Amino acid sequence: YGSIMPLFNGRANEVAVSPDSKRLLVVSFGAQAVICDGADGRILHRLPGGGTMQGAVWSKDGEWAACANLNRSVYVWNTETGELRTQLKG
């Protein structure tokens, strides 16, 4: 994770590994979420969202990723495109 941690000032809130173990979903206290290559840390997608992110998860097939924020919203992204598919507001 060394090459991606500077993006988060060393403060990633949560890291989730994709089902195929090839990608990482990294979310931070600083309102960032990214999907990275698990081998080299290269950022594949910067994911739109907002607020302090937490609770990173992948779907079983790896096609979707989701996390919540402290504003009680849940974001769901397409992991191939990085597109925000839906935002559920609490």
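Values in this document were obtained by computation on a predicted structure and should not be read as measured data.
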Let's go through Leu24 and Val17 carefully: what are the C-alpha distance in whole Å and the side-chain angles of both, what is the deciding distance for side chain to side chain contact (heavy atoms under 4.5 Å, CB included) to 0.1 Å, and is it a yes or a no? CA-CA 5 Å; Leu24 304 172; Val17 180; 3.8 Å; yes

In this structure, would Ile35 and Trp64 fall into the same cluster of hydrophobic residues linked by side-chain contacts under 4.5 Å? no

Among residues at least two apart in sequence or on other chains, which ones pass side-chain contact (heavy atoms from CB on, under 4.5 Å) with Ser18? Asp20, Arg23, Trp58

The criterion is side-chain contact (heavy atoms from CB on, under 4.5 Å); which residues satisfy it with Thr81, sequence neighbours excluded? Asn78, Glu83

Lys89: partners by side-chain contact (heavy atoms from CB on, under 4.5 Å), with sequence neighbours left out: Ser73, Gln87

To the nearest 0.5 angstrom, please state how far the CG atom of Leu44 sits from the CD atom of Glu80. 9.0 Å

When clusters are formed by joining ILVMFWY residues with side-chain heavy atoms under 4.5 Å apart, either directly or through shared neighbours, do Leu47 and Leu84 land in the same one? yes

Within this structure, what is the CG-CH2 distance for the pair Leu25 and Trp77, rounded to the nearest 0.5 Å? 6.5 Å

Locate the shortest heavy-atom distance separating Ala56 from Ala16; write the atom from each residue and the value. O-CB, 3.6 Å

Rounded to the nearest 0.5 angstrom, the CG-CD distance for Asn69 and Gln54 is 7.5 Å

Please check this pair: side chain of Thr79 against backbone of Ala65, looking for a donor-acceptor N/O pair closer than 3.5 Å. no

Residue pairs fulfilling salt bridge (Lys or Arg N to Asp or Glu O under 4.0 Å) with at least one residue in residues 63-74, sequence neighbours excluded: none

Least distance between heavy atoms, Glu14 atom then Gly55 atom: OE1-N, 3.0 Å

